[in-house]
Amino acid sequence: MKSTHFTPIQPGSRTDAWLSRHFDSAQFSYQEIFGMFGPLLIDQFFMYLIGMLTTSMISSSSQESVSAVSLVSPLTYMIIALSNAVASGGTVVVAQYKGKGDQEKMRRAAGQVVFASFMVALATCTLLLVVSDSMVNWMFGTADAVIREKATAYTIGFGISLIPFSLYNGVFAVLRGVGDTKTCLRLTVIINLIHLFASMLFLNVMKLDILGTTLSYNIARLIGGGVAVYLLVTPQGRLTVPLRELVHIDWNYQKSIFQIGIPFAAEQIFFNGGSLIVQSYISGMSNAQIAANAITNSSFGLFYSAGLSVSTLTITIVGQCIGAGDIPLAKKYGKRMILLGSISCLASVLILGPLLPLILSLYSPHAETLTIIYQLIVIGAIPLPFVWALSNVTPSILRAAGDANFTSIFSLLTMWVIRVGLGYLAAVPLGLGIHGVWISMGLEWVVRAVVFSIRFCGNKWYCHKVI
């Protein structure tokens with residue numbers, strides 16, 4: 001871990017002393033922690049920025065196009081989350097072997113993470129290609145025919161891209177497990193810049209609309225997947241994983257990976273399934289509300305991108321502490337990660353809030369849509385600095401120690417009871433529309449924050465064996 005450093009703080013200063021007191025330990029120095037956090041932060045921000053820019057290009061094509069992408073976005077999020085769930089299980093396993101100091105098993109686990117990610121993607125891609133048309137028409141039958149046609153085309157293109165995506169996503173999981181976030185950042189920049197420039201070509205110049213969108217991220221992911229695998233297996237790389245470890249199955253390692261990954265995957269499937277239900281009743285709202293929800297989801301991601309970086313970092317930090325058998329240190333860093341997540345969310349609101357007019361101008365929304373967007377962002381931004389980290393960083397602490405079942409089950413309960421059930425009640429019978437959906441999201445954060453904090457303060461979360 002000594003290769004990752006953060007050095008802008010003057011040694012001997014008050015800031016240096018404060019950071020040393022709160023973040024230094026025998027396992028990590030604060031320079032190493034923030035050396036990992038910095039690339040993760042830029043990585044997340046960059047991905048959301050590129051996503052926002054490409055969404056704005058789709059929006060400029062037509063409001064029907066952005067509405068189509070918005071309708072199927074919970075499905076695409078669910079599938080990406082499924083892949084991320086497998087990857088997260090792999091990150092925990094690799095991180096714990098790293099903390100334990102077992103380099104050979106760490107390399108074997110790394111290969112198995114990529115193999116598992118690829119096989120899940122292959123199965124998902126096949127399913128999507130078969131059922132995309134009937135699924136879109138069944139779920140969004142109340143939407144305009146043009147929107148449904150574009151949504152189907154987008155879903156097919158997305159499904160094909162899952163194969164190369166699984167490769168670099170699996171490699172990212174491995175590299176984050178060992179704390180090599182700089183390599184992840186470099187690859188993210190390459191992939192997303194290719195996506196951005198390809199989108200500009202296909203959408204703005206060639207006017208290919210939805211086809212241009214799917215072409216751009218398929219090209220970017222194909223290049224990214226190839227480069228990622230090369231970085232993992234090359235003798236000049238950080239791990240030098242033997243190629244044979246990527247092309248065969250080892251059930252002992254798969255068991256450890258899916259011990260974390262399956263509960264999280266089930267959570268993400270049902271969680272995003274709930275989001276699809278939410279989208280199904282959003283699809284019956286006005287085009288202005290549908291477009292406002294899509295644009296707000298795209299732009300609001302910038303506000304919690306720093307928090308997501310902390311959540312990712314938490315798995316690496318706490319996972320390595322658990323692997324080293326140091327429970328008190330895992331607890332200490334868990335608290336520090338929650339604090340860092342809260343500070344990151346607050347800073348994001350203070351910095352990005354004044355920039356909203358500039359950010360939203362990229363989408364060229366209609367006046368009615370713009371008004372709704374501002375209202376939704378305010379609804380989301382108010383609870384963000386206070387409860388988001390407790391709601392989303394704390395589960396990463398629990399998962400890093402193997403406490404996946406409790407975390408996933410409770411997350412599902414809050415999703416279906418509050419975001420789906422209460423969201424429907426607020427949006428439709430009570431007549432609050434899309435505003436009711438966003439209010440229920442904030443309430444869900446509050447409930448999750450309370451229960452996960454109670455779990456973290458107990459002693460059951462770290463009594464699990466992963467490796």
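Fair warning: this is a prediction, and the values are worked out from it, not measured in the lab. Quick note: numbers below take in every heavy atom, side chains included, and nothing from hydrogens, waters or symmetry partners.
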Please check if the side chain of [X] supplies one atom and the backbone of [Y] the other of a donor-acceptor pair under 3.5 Å.
{"X": "Gln254", "Y": "Gln112", "result": "yes"}
{"X": "Thr316", "Y": "Arg176", "result": "yes"}
{"X": "Gln96", "Y": "Ala400", "result": "yes"}
{"X": "Asn169", "Y": "Phe165", "result": "no"}
{"X": "Ser161", "Y": "Phe158", "result": "yes"}
{"X": "Thr394", "Y": "Ser391", "result": "no"}
{"X": "Ser309", "Y": "Leu40", "result": "yes"}
{"X": "Asn392", "Y": "Ser311", "result": "no"}
{"X": "Glu444", "Y": "Val420", "result": "no"}
{"X": "Ser408", "Y": "Asn405", "result": "no"}

Give, for atom [atom1] of [X] and atom [atom2] of [Y], the distance between the pair rounded to the nearest 0.5 Å.
{"X": "Arg107", "Y": "Leu232", "atom1": "CZ", "atom2": "CG", "answer": "10.5 Å"}
{"X": "Ser411", "Y": "Arg448", "atom1": "OG", "atom2": "CZ", "answer": "4.0 Å"}
{"X": "Leu302", "Y": "Phe46", "atom1": "CG", "atom2": "CZ", "answer": "12.5 Å"}
{"X": "Lys332", "Y": "Asp326", "atom1": "NZ", "atom2": "CG", "answer": "10.0 Å"}
{"X": "Leu340", "Y": "Thr314", "atom1": "CG", "atom2": "OG1", "answer": "8.0 Å"}
{"X": "Ile191", "Y": "Arg186", "atom1": "CD1", "atom2": "CZ", "answer": "14.0 Å"}

Ignoring hydrogens, what is the shortest heavy-atom contact between [X] and [Y]? Give both atom names and the distance.
{"X": "Ser344", "Y": "Gly307", "answer": "CB-N, 4.3 Å"}
{"X": "Leu329", "Y": "Ser25", "answer": "CD1-CB, 3.5 Å"}
{"X": "Leu246", "Y": "Val241", "answer": "CD1-CG1, 3.7 Å"}
{"X": "Arg148", "Y": "Gly141", "answer": "NE-O, 3.9 Å"}
{"X": "Tyr217", "Y": "Tyr154", "answer": "OH-O, 3.6 Å"}
{"X": "Ser132", "Y": "Ile156", "answer": "OG-CG1, 3.2 Å"}

Where does the angle between the aromatic ring planes of [X] and [Y] fall among parallel (under 30°), tilted (30 to 60°) and perpendicular (over 60°)?
{"X": "Phe303", "Y": "Phe300", "value": "parallel"}
{"X": "Phe406", "Y": "Phe410", "value": "parallel"}
{"X": "Tyr97", "Y": "Tyr253", "value": "tilted"}

Flag side-chain contact, heavy atom, 4.5 Å: [X] against [Y]:
{"X": "Thr213", "Y": "Leu203", "result": "yes"}
{"X": "Leu75", "Y": "Met135", "result": "yes"}
{"X": "Lys207", "Y": "Phe202", "result": "no"}
{"X": "Ile210", "Y": "Val69", "result": "yes"}
{"X": "Leu390", "Y": "Phe452", "result": "no"}
{"X": "Met206", "Y": "Leu201", "result": "yes"}
{"X": "Ile160", "Y": "Leu129", "result": "yes"}
{"X": "Phe140", "Y": "Ile282", "result": "no"}

Check the side chains of [Y] and [X] for a donor-acceptor pair under 3.5 angstrom, ignoring hydrogens and angles.
{"X": "Ser216", "Y": "Ser199", "value": "yes"}
{"X": "Asp180", "Y": "Thr183", "value": "yes"}
{"X": "Asp209", "Y": "Ser65", "value": "yes"}
{"X": "Thr188", "Y": "Asp43", "value": "yes"}

Practice item. Mind running side chain to side chain donor-acceptor pair (under 3.5 Å) on Thr414 and Arg419 for me, showing each step along the way? Key: CA-CA 7 Å; Thr414 56; Arg419 193 176 299 195; over 6 Å; no
Check your understanding: Are there more than 12 heavy atoms of other residues, nucleotides or ligands under 6.0 Å from atom NZ of Lys105?
Key ->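 It does not: Lys105 NZ has 12 such atoms or fewer within range.
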Check your understanding: Within a radius of less than 6.0 Å around OH of Tyr424, do more than 12 heavy atoms belonging to other residues, nucleotides or ligands occur?
Key ->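 No, not enclosed.
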**Study point:** Partners meeting side-chain hydrogen bond (donor to acceptor under 3.5 Å, both in side chains) with Arg455 (sequence neighbours left out)
**Key:**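 Checked Arg455 against side-chain hydrogen bond (donor to acceptor under 3.5 Å, both in side chains); matches are Asp403.
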Point to revise | Full working for side chain to side chain contact (heavy atoms under 4.5 Å, CB included) between Leu175 and Thr181 | key: CA-CA 7 Å; Leu175 295 177; Thr181 57; over 6 Å; no
Review point. How about Phe23 and Tyr333: are their ring centres within less than 6.0 Å of each other?
Key: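 When the ring centroids of Phe23 and Tyr333 are compared, they turn out to be at least 6.0 Å apart.
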**Study point:** side chain to side chain contact (heavy atoms under 4.5 Å, CB included) partner of Phe118, the single match among Leu162, Ile163, Val113, Val86
**Key:**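 Of the listed residues Leu162, Ile163, Val113, Val86, the side chain to side chain contact (heavy atoms under 4.5 Å, CB included) partner of Phe118 is Ile163.
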Review point. Honestly, is Arg221 close enough over Tyr168, meaning NZ or CZ under 6.0 Å from the six-membered ring centre and within 45° of the axis?
Key: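 No - Arg221 does not lie over the ring of Tyr168 by the 6.0 Å and 45° rule.
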